[in-house]
Amino acid sequence: MALRAAEWHKLPTSLTELCINTTLRCGQSFRWRKSAEDEWSMALHGRILSLKQDAEALHYRAIHPSPVTKLPTPPPSNAPSVAAEDDDTLALITHYFNLEPNLGQLYEQWAASDANFKKRAPKFTGIRILRQDAWEALIGFICSSNNNISRISGMVHNLCLHYGPLVAHIDDIPYHDFPTPDALSGPDVEAHLMKLGFGYRAKYIAKTARMVSQEKGLKWLEQLSNPECPQFGVETQSAGELLEGGREGYRTAHEELLALHGVGSKVADCVCLFGLGWSEAVPVDTHVWQIAQRDYRFGKGKHSSLTAATYVAIGNLFRKLWGKEAGWAHSVLFTADLKAFSERVVAKTEIKEEEVVVKKEGDETVVENVVKKETVKRKRIKKEPEDDEHQILQIMKETTRRTRRRRS
DNA sequence: CCCCGCCCTGGAGC
DNA sequence: AGCTCCAGGGCGG
């Protein structure tokens with residue numbers, strides 16, 4: 001029997017209000033994959049969500065797992081079924097992509113209060129802070145320490161593949177949802193993740209999963225959410241006034257998260273921003289630290305290195321600059337600084353002035369041009385893998401190679 | 001409070 | 001080939 005493919009639906013929007021090509025690649029989520037040319041897919045809330053975008057609209061479709069027909073009659077078909085007419089996919093997209101705020105207006109506000117934002121943001125419009133599942137964000141960003149986006153994506157993919165529930169296939173490629181805390185609490189998880197190449201993060205994940213599933217409870221984590229911006233399906237409530245260090249609920253969430261293994265200030269802020277809806281959270285990593293030095297006069301005197309005090313000072317400055325959505329504005333600048341988007345950078349930071357150094361060697365005077373650090377760095381740009389099949393193969397290769405290495 | 005060495009891994013540059 | 005550095009850090013001394 002020929003199966004009807006799931007239908008595509010249309011959600012009108014402009015690329016300045018939402019740009020999935022930037023939003024899905026800027027390192028806030030690690031699970032989206034290219035399922036075809038200009039098409040992104042991911043398992044989310046028990047379905048495969050696929051997206052395409054053009055200048056007028058976001059196109060989406062949901063593939064639900066085929067209902068398990070217990071009837072012993074005809075040959076069972078594993079093919080995905082069509083979404084019900086009245087399913088909640090549109091509501092899910094609106095929630096997940098945080099589509100409520102007027103992004104053009106926000107960009108204007110941020111630009112008006114900061115010349116640097118005004119300078120760098122125009123080529124990075126349409127970036128939305130996703131409202132991701134808190135637990136998934138927590139584990140994803142535990143994986144992110146001392147790591148790069150492509151490897152983090154591979155690790156998260158492996159977590160889903162080995163511990164997450166299968167949702168359905170597209171072109172014979174399986175899509176798994178993110179594993180629950182229970183699923184990652186088994187006795188062999190750490191050793192297994194070690195074999196899968198997680199390195200020292202294997203222990204962090206195993207410990208954190210046990211703490212959340214057995215000690216604190218998933219409810220504990222989810223209740224750290226911004227009540228104005230809750231998990232999917234929960235009613236909203238007011239979240240109080242913005243203080244210098246952020247709202248009360250944000251401060252509490254940040255502090256509570258620090259009790260988990262592998263969660264420091266930066267990872268806690270990522271979870272707050274991307275998983276708990278606290279838009280004033282400002283994760284300060286090496287990129288943001290570099291931005292703070294280059295564009296906001298950090299790196300000298302009291303704040304000459306990225307200490308805990310400096311970390312807080314940067315967040316406070318950004319909150320003073322941009323207010324309640326400081327983390328959102330900061331993410332735009334962060335993205336503008338990512339290597340993967342380096343072809344879009346503004347004006348190449350001008351042609352960097354060469355420092356001319358005059359020094360004496362024996363009798364002669366030698367004049368040489370010293371290339372500045374920034375110029376040198378730009379040479380070390382690697383291209384992110386373009387097509388995703390390549391990326392998936394990469395992931396498989398990693399896995400088999402490691403297991404093979406073990407055997408020998 | 002700050003600083004340092006260490007932790008796993010893979011890719012890139014030299 | 002072999003080495004260094006770096007990639008969205010965290011932890012313990």
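What you see below is based on every heavy atom in this structure, not just the backbone, and it leaves out hydrogens, waters and symmetry mates. Each chain gets a letter, A, B and so on, in the order its sequence line appears, and its residues count up from 1.
- Taking atom CD1 on A:Ile205 and atom P on B:dC8, their separation rounds to 13 Å, with Å as the unit.
- C:dT4 and B:dG5: their P atoms are spaced 15 Å apart (whole Å).
- With A:Gln28 contributing its side chain and A:Arg131 its backbone, the two residues share no donor-acceptor pair below 3.5 Å.
- Below 30°, between 30° and 60°, or above 60°: for A:Trp328 and A:Trp110 the angle between ring planes is between 30° and 60°, a tilted geometry.
- Between A:His192 and A:His162, the angle of the ring planes goes over 60°, which puts this pair in the perpendicular group of the 30/60° scheme.
- Taking the ring centroids of A:Tyr163 and A:Phe178, they lie at or beyond the 6.0 Å cut-off.
- C:dG13 and B:dC8: their P atoms are spaced 15 Å apart (whole Å).
- Between A:Asp133 and A:Tyr96, the side chains place no donor N or O within less than 3.5 Å of an acceptor N or O (distance only, hydrogens not considered).
- Among the heavy atoms of the strands lying under 4.0 Å from A:Gly262 are primed sugar atoms or P, OP1, OP2 only; no base atom is included.
- A cation-pi contact, defined as under 6.0 Å to the ring centre and within 45° of the axis, links A:Lys52 to A:Trp8.
- The gap from the P atom of C:dG10 to that of B:dG11 amounts to 24 Å, rounded to the nearest Å.
- Rounded to an integer number of Å, the gap from NE2 of A:His287 to P of C:dC6 is 12 Å.
- One atom, CZ of A:Phe198, and another, P of C:dG9, lie 17 Å apart when rounded to the nearest Å.
- Under the Watson-Crick or G-U wobble criterion, with both distances below 3.5 Å, B:dG13 is paired with C:dC3.
- When distances run from any side-chain atom of A:Ile149 to the nucleotides C:dG8, C:dG9, B:dT9, the shortest one goes to C:dG8.
- We find that CH2 of A:Trp289 is positioned 15 Å from P of C:dA7, with the value rounded to whole Å.
- Checked for salt-bridge contact, A:Asp88 and A:Arg47 meet the test: a charged N lies under 4.0 Å from a carboxylate O.
- A donor-acceptor pair is defined here as one N or O able to donate and one able to accept, closer than 3.5 Å; no such pair exists between the side chain of A:Thr94 and the backbone of A:Leu99.
- Applying a 4.0 Å cut-off to non-hydrogen atoms, none of the residues of residues 268-282 of chain A approaches DNA chain B.
- For A:Lys266 against C:dG8, a side-chain N or O and a base N or O form a donor-acceptor pair under 3.5 Å.
- With salt bridges taken as basic N to acidic carboxylate O contacts below 4.0 Å, one links A:Glu228 and A:Arg247.
- Comparing C:dG8 with B:dG13, their P atoms sit 15 Å apart, to the nearest whole Å.
- Distance from the side chain of A:Ser144 is smallest for C:dG8 among the nucleotides C:dG10, C:dA7, C:dG8.
- Projected onto DNA chain C by closest heavy-atom contact, A:Phe30 and A:Val263 fall at different nucleotides, the more 5' of which corresponds to A:Phe30.
- Side-chain atoms of A:Thr16 and A:Tyr107 form no donor-acceptor pair, as typed in the model, at a separation below 3.5 Å.
- Applying a 4.0 Å cut-off to non-hydrogen atoms, the residues of residues 302-313 of chain A that approach DNA chain B are A:Lys302, A:Ser305, A:Thr307, A:Ala309, listed by residue number.
- Nucleic acid contact for A:Leu260: sugar-phosphate only, since backbone atoms but no base atoms lie under 4.0 Å from a heavy atom of the residue.
- Taking atom OH of A:Tyr204 as the reference point, atom P of B:dC8 lies 9 Å away to the nearest angstrom.
- Comparing A:His261 and A:Asn147 by the nucleotide of DNA chain C that holds the closest heavy atom to each, the one mapping nearer the 5' end is A:Asn147.
- Between the C1' atom of B:dC8 and the NE2 atom of A:His192 lies a distance of 16 Å, rounded to the nearest Å.
- In this structure, A:Cys143 reaches neither bases nor backbone, as no heavy-atom distance under 4.0 Å exists between it and the strands shown.
- Straight-line distance from the CG atom of A:Leu130 to the P atom of C:dG8: 18 Å, rounded to whole Å.
- Residue-level contact check: A:Val288 touches neither bases nor backbone, having no heavy atom under 4.0 Å from any strand.
- With both ends at atom C1', the span from B:dC7 to C:dC6 equals 15 Å, rounded to whole Å.
- Under 3.5 Å, the side chain of A:Arg201 and the base of B:dC8 form at least one donor-acceptor pair of N or O atoms.
- Note: A:Phe341 and A:Phe124 have perpendicular aromatic rings, judged against thresholds of 30 and 60 degrees for the angle between ring planes.
- Rounded to an integer number of Å, the gap from CG of A:Asn146 to P of B:dG10 is 14 Å.
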